[in-house]
Enquirer: 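The structure under discussion is supplied below as structure tokens; questions concerning it will follow.
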Amino acid sequence: MAADPLSPDRLILRRPDDWHVHLRDEAMLAGVANFTARQFARAIVMPNLVPPVTDRAAASAYRARIMAAVDPGLGFTPLMTCYLTDHSDPDEVERGFTEGVFAAAKLYPAHATTNAEHGVSDVSAISAVLERMQKIGMPLLLHGEVTDPSVDIFDREAVFIDRIFSRISADFPGLKTVFEHITTADAVAFVEASGPLVAATITPHHLRINRNAMFEGGIRPHFYCLPVAKRERHRLALRRAAISGSPKFFLGTDSAPHEVGRKESACGCAGLFNAPFAIESYAATFEEEGAIDRLEAFAAEHGPRFYGLPLSDERIVLERVPVTVPAIIATPDAGNLVPFHAGDILPWRFAGLAPA
Ligand code: DOR
Ligand code: ZN
């Protein structure tokens, strides 16, 4: 990463990738895809559609719909994932990976989150799949929360480590695993203590909000996501991990748009829409931590190295120009969305790709 010598208020960094995003489908896909595609070179696209993306045919068709929604001039590459169910076929998963259709497979514990009802009821149901993934070097992406209703919602990630992740690690020590959107000091410690095959993504919002944000002066549905934000000490642990320089931690926005009425509801959906100002949010956080020089590695190097992919050779420009995040982003056909940081002023502005 370079400060422009002629202008200290410009930063040029390698174009980042988003290692965890929900691009949705149909009108919502058309409304949101370019927000991700304008900033990121690549993105790991979550498969929790209705119906879920469980095989090569569904993933190829979804990839084509994404490419049709994205402005081709942005040079964006979606990386597809396979939604694991109790009935996933190891041969299909392997073919998808070796043919380059799937970059990874996603394990949602059944009923853990949005469209997770077809997820895995018990990890033992997919042991043959995990065995195969370990053998071929295919990454497993984990939604790391237990679904046991007797476990407090704020403890579900920590209990997942004890009951499930530690078992997966013991049974499949050669399996590349990403602990997605971590929210706790426990997860940071687990990832740090694991070998080099275990990594984690960290969202913009979990670096900025703690659980109080959901209840400030009333119920705040636009700060509700899963895993839910935790106590302040956990947020601080995530910040330390993100700026640590450790190659085990990298950018994954978990941008998960829901139309405003589906958020502001008696039973509001989980998910924050952070794609429009994603790199600006991370830049603000890294700068507050005095670590803007570590942003590039977190955003553009650790992820591709973990996945075994080349680094992007493009560059983006950030300018120190205050940017006001709008209260609402209207989509043509999928209603209104409330972006993360709505109404905030962020200090760095994404100014597009640097000329080649
Ligand atoms: O908050 C979330 N929203 N967490 C998830 O795991 C899923 C996502 C969604 O798809 O809406
Ligand atoms: Zn997600």
Side-chain angles (χ1 to χ4, degrees), residues 17-26 28-29 31-33 35-36 40 43-53 62 66 78-84 103-120 139-147 153-154 156-157 160 164 177-184 187 199-209 211 213-214 220-230 238 250-265 267-275 278 303 331 334-335 337-340:
D17 304 298
D18 184 350
W19 299 97
H20 184 127
V21 70
H22 300 266
L23 291 181
R24 309 303 195 206
D25 212 349
E26 302 178 339
M28 187 63 88
L29 169 64
V32 303
F35 288 111
T36 293
F40 296 104
I44 285 276
V45 181
M46 288 296 122
N48 61 333
L49 304 184
V50 181
V53 178
Y62 184 30
I66 294 168
L79 302 172
M80 309 311 292
T81 57
C82 175
Y83 182 118
L84 297 176
K106 178 72 189 271
L107 192 168
Y108 288 103
H111 307 289
T113 185
T114 310
N115 301 333
E117 47 279 10
H118 303 285
V120 174
L140 173 70
L141 315 183
L142 286 177
H143 183 105
E145 290 189 287
V146 292
T147 54
I153 189 164
F154 293 101
R156 287 183 188 174
E157 184 172 284
F160 181 87
I164 299 175
T177 311
V178 184
F179 200 166
E180 298 289 345
H181 42 55
I182 57 170
T183 62
T184 58
T201 52
I202 305 181
T203 75
H205 43 286
H206 290 112
L207 293 169
R208 298 198 73 82
I209 62 165
R211 63 190 195 171
M214 288 182 291
R220 301 281 188 162
H222 298 293
F223 293 127
Y224 171 60
C225 63
L226 288 171
V228 74
K230 307 295 193 300
L238 298 174
F250 43 85
L251 186 160
T253 64
D254 199 19
S255 186
H258 294 278
E259 186 274 322
V260 65
R262 293 176 61 85
K263 296 284 298 172
E264 297 174 7
S265 146
C267 186
C269 294
L272 273 72
F273 178 46
N274 58 31
T331 69
L337 302 172
V338 174
F340 181 48

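Whatever order the structure lists them in is the order used to number ligands and atoms, beginning at 1.
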Enquirer: With a 4.0 Å cut-off on heavy atoms, does Arg24 reach ligand 1?
Expert: yes

Enquirer: Got the closest protein heavy atom to atom 3 (N) of ligand 1, with its distance?
Expert: Ala270 O, 3.0 Å

Enquirer: Please name the pair of heavy atoms, one in Leu23 and one in Thr36, separated by the smallest distance, quoted to 0.1 Å.
Expert: CD2-OG1, 3.8 Å

Enquirer: Would you check if Pro47 and Tyr108 make a side-chain contact, meaning some heavy-atom pair closer than 4.5 Å?
Expert: yes

Enquirer: Of the side chain and backbone of Leu272, name the one, both, or neither that has a heavy atom under 4.0 Å from an atom of ligand 1.
Expert: neither

Enquirer: Which residue supplies the protein heavy atom nearest to atom 7 (C) of ligand 1, what is that atom called, and how far is it?
Expert: Thr113 OG1, 3.2 Å

Enquirer: Closer than 4.0 Å to some heavy atom of Cys225 - which atoms of ligand 1 meet that?
Expert: 1 (O)

Enquirer: Assign the ring pair Trp19 / Phe250 to parallel, tilted or perpendicular, where the plane angle (0 to 90°) is split at 30° and 60°.
Expert: perpendicular

Enquirer: Select one of side chain, backbone, both or neither to describe which atoms of His143 lie under 4.0 Å from any atom of ligand 1, heavy atoms only.
Expert: side chain

Enquirer: Is ligand 1 less than 4.0 angstrom away from at least one heavy atom of His258?
Expert: yes

Enquirer: Parallel, tilted or perpendicular for Phe35 and Phe273, by the 30°/60° rule?
Expert: perpendicular

Enquirer: For the residue pair Thr253 and Asn274, what are the closest heavy atoms and their distance?
Expert: O-ND2, 2.9 Å

Enquirer: Which of the numbered atoms in ligand 1 are under 4.0 angstrom from any heavy atom belonging to Asn48?
Expert: 9 (C), 10 (O)

Enquirer: Rounded to 10°, how big is the angle at the Zn ion (ligand 2) from His22 NE2 to His20 NE2?
Expert: 110°

Enquirer: Within a strict 4.5 Å, meaning less than it, do heavy atoms of the Ile182 and Glu157 side chains meet?
Expert: yes

Enquirer: Considering only non-hydrogen protein atoms, determine which one is nearest to atom 9 (C) of ligand 1 and report residue, atom name and distance to 0.1 Å.
Expert: Thr114 OG1, 3.3 Å

Enquirer: Just by modelled atom types, is the His143 backbone N or O under 3.5 Å from a matching donor or acceptor in the Lys106 side chain?
Expert: no

Enquirer: Of all heavy-atom pairs between Tyr62 and Leu29, which one has the smallest distance, and what is that distance?
Expert: CE1-CD2, 4.5 Å

Enquirer: Determine the interplanar angle of the Phe179 and Phe160 rings, folded into 0 to 90°, and report it as parallel if under 30°, tilted if 30 to 60°, perpendicular if over 60°.
Expert: tilted

Enquirer: Any nitrogen or oxygen of Gly271, side chain or backbone, less than 3.5 Å from one on ligand 1?
Expert: yes

Enquirer: Can you tell which part of Ala256 has a heavy atom less than 4.0 Å from ligand 1: side chain, backbone, both or neither?
Expert: side chain

Enquirer: What's the shortest distance from atom 4 (N) of ligand 1 to any protein heavy atom, and which residue and atom give it?
Expert: Leu226 O, 2.7 Å

Enquirer: Which atom, among the N/O/S set of Asp254, is closest to the Zn ion (ligand 2)?
Expert: OD1

